[in-house]
Amino acid sequence: MSALQPLPQDAWDAWTPDQLAKRLARFTGDWYVVGGWALDLWHGAQTRAHEDLEFAVLADHEQPCRQALKDLTFFTAHDGTLADLPLTAPLPADIWQQWGADMNAGLWRVDMMVDRGTPDLWIYKRDPALTMPRTDAIRQTPCGIRYLAPHLALLFKAKYARDKDNADFQTALPRLTRAETADLMLWLDRFHPQHPWITALQNR
């Protein structure tokens, strides 16, 4: 049987975090929103348009999560290439990301990241030497939607610093606590020396 072909990469009409939470209401695994939507959940309001919806799930919970979202077809995303991943197939060790497609609608709905930490420990996927208790790394809205802490979301965004990332940083900057500011400065100095956000953090 030939592999399913992915949709065009720009065919996005992403769900909102609320829509995803409703679909995962019976899923008992650990999942949380990341990326730009994580920052907006922290703000308590949507600050800009989002072309996708990124969320993370623990590696051990990845297959049950796909089962919970069985109306979607998942494709691995690696080095710019999308490939079909059958529901019963184990997750390859070098895969950290999957896109979920609503094949009937011809649209991508979610971008699922694999979290290879433990139930108690969050691990930065770009350098496993950076860890913290999961209770510190993940927060929760009053409605119960979990999301990545803002300074961690910004650390991920700092690598590319696209226009939307810079806008997210400027919007978040006044609301970061002293501890979050100090941590983010430390991480940027470690992983992205001379990053322009360091000066902005120093001048708060």
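Numbering starts at 1 and runs along the sequence shown. All values derive from a computational prediction rather than experimental measurement. FYI, side chains are in, hydrogens and waters are out, and symmetry mates aren't considered; it's all heavy atoms of this structure.
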*Point-to-point distance, once rounded to the nearest 0.5 Å, from CD1 of Ile145 to OG1 of Thr16*: 7.5 Å
*Do any N or O atoms from the side chain of Asp168 and from the backbone of Gly36 form a donor-acceptor pair under 3.5 angstrom?*
no
_Please check this pair: side chain of Asp136 against backbone of Met132, looking for a donor-acceptor N/O pair closer than 3.5 Å._
no
*Taking all heavy atoms of Arg190 and all of Asp127, pick out the closest pair and write down the distance.*
NH2-OD2, 4.0 Å
*asked:* Set out, in order, the CA-CA distance, both residues' side-chain angles and the distance that settles salt bridge (charged side-chain N to carboxylate O under 4.0 Å, His left out) for Asp115 and Arg134, then state yes or no.
replied: CA-CA 11 Å; Asp115 178 337; Arg134 188 165 292 274; 2.9 Å; yes
*asked:* Just so I know, are the side chains of Leu176 and Leu201 near enough to count as touching, which here means a heavy-atom distance under 4.5 Å?
replied: yes
_Under a 4.0 Å threshold between the charged nitrogen and the carboxylate oxygen, would Arg146 count as salt-bridged to Asp30?_
yes
*Working to the nearest 0.5 Å, report the span between CZ of Phe169 and CG of Leu184.*
6.5 Å
_What verdict does the side-chain contact (heavy atoms from CB on, under 4.5 Å) test give for Leu7 and Met103, after you've listed the backbone C-alpha separation in whole Å, the side-chain angles of each residue and the deciding distance to 0.1 Å?_
CA-CA 8 Å; Leu7 303 173; Met103 299 299 283; 4.1 Å; yes
*Closest non-hydrogen atom pair between Ala153 and Gly35, with its separation*: CB-O, 4.3 Å
*Has the side chain of His195 got a donor or acceptor atom that lies under 3.5 Å from a matching backbone atom of Trp197?*
yes
_Quick check: closest heavy atoms across Ala11 and Gly106, and the distance to 0.1 Å?_
CB-O, 3.7 Å
*asked:* Has Gln97 got a side-chain atom pairing as donor or acceptor with His78's backbone, closer than 3.5 angstrom?
replied: no
*Drop me the distance from Arg126's CZ to Phe191's CZ, to the nearest 0.5 angstrom.*
10.0 Å
*Below 4.5 Å, heavy atoms only, C-beta onward: do Leu148 and Val33 meet side chain to side chain?*
no
*Test of ring centre spacing under 6.0 Å for Phe55 and Tyr147*: no
*Could you tell me whether Lys159 and Asp165 have a side-chain N and a carboxylate O separated by less than 4.0 Å?*
no
*Least distance between heavy atoms, His50 atom then Gln46 atom*: CD2-NE2, 3.8 Å
*Look at Arg48 together with Asp163 and state whether they make a salt bridge at an N to O cut-off of under 4.0 Å.*
no
*So if you build clusters from Ile, Leu, Val, Met, Phe, Trp, Tyr with side-chain heavy-atom gaps below 4.5 Å, do Met113 and Ile95 land together?*
no
*Between Leu69 and Trp15, is a side-chain contact (heavy atoms from CB on, under 4.5 Å) present by the stated rule, with each step listed?*
CA-CA 12 Å; Leu69 298 174; Trp15 292 335; 4.1 Å; yes
*asked:* I'd like to know whether the aromatic ring centres of His192 and Trp187 sit less than 6.0 Å apart in this structure.
replied: no
*asked:* Could you see if Leu155 belongs to whatever hydrophobic cluster contains Leu41? Use Ile, Leu, Val, Met, Phe, Trp, Tyr and a side-chain cutoff under 4.5 Å.
replied: yes
*Between the side chain of Gln170 and the main-chain N/O of Ala167, is any donor-acceptor distance below 3.5 Å?*
no
*Which is it for Glu62 and Gln98 under the side-chain hydrogen bond (donor to acceptor under 3.5 Å, both in side chains) test, yes or no, and what are the steps along the way?*
CA-CA 10 Å; Glu62 172 267 340; Gln98 299 175 58; 3.0 Å; yes
*asked:* Run Trp99 and Arg109 through side-chain contact (heavy atoms from CB on, under 4.5 Å) and show every step you take.
replied: CA-CA 8 Å; Trp99 289 12; Arg109 300 300 193 187; over 6 Å; no
*Candidate pair Leu39 and Thr47, rule side-chain contact (heavy atoms from CB on, under 4.5 Å), full reasoning*: CA-CA 9 Å; Leu39 290 167; Thr47 64; over 6 Å; no
*Taking 4.0 angstrom as the limit, do Glu180 and Arg139 come out as a salt bridge?*
yes
*asked:* Between Val34 and Trp12, is there shared hydrophobic-cluster membership here, with clusters defined by ILVMFWY side-chain heavy atoms closer than 4.5 Å?
replied: no
*Do Trp31 and Leu24 have side-chain heavy atoms sitting under 4.5 Å apart?*
yes
*Do the non-hydrogen side-chain atoms of Leu82 and Gln9 ever get within less than 4.5 Å of each other?*
yes
*Can you find a heavy atom in the side chain of Trp37 that is under 4.5 Å from one in the side chain of Trp42?*
no
*Cluster overlap Leu152 with Ile123, hydrophobic side-chain contacts below 4.5 Å*: no
*Considering all heavy atoms of both residues, which atom of Thr118 and which atom of Leu58 are nearest to each other, and what is their separation?*
O-CD2, 4.0 Å
*Are the side chain of Arg204 and the backbone of Thr181 linked by a donor-acceptor contact shorter than 3.5 Å?*
no
*Cluster link Phe74 to Leu107, ILVMFWY, side chain under 4.5 Å*: no
_Over all atoms of both residues, closest heavy-atom pair of Arg116 and Pro92_ = NH2-O, 3.2 Å
_Gln202 atom CD: more than 12 heavy-atom contacts under 6.0 Å_ = yes
*Is it true that Trp108 and Phe75 have ring centroids separated by less than 6.0 Å?*
yes
*Side-chain contact, heavy-atom cut-off 4.5 Å: Asp111 with Leu53?*
no
*asked:* So Pro133 and Trp122, do their side chains get closer than 4.5 Å, heavy atoms only?
replied: no
*Under a 4.5 Å cut-off applied to non-hydrogen side-chain atoms, are Arg66 and Leu85 in contact?*
yes
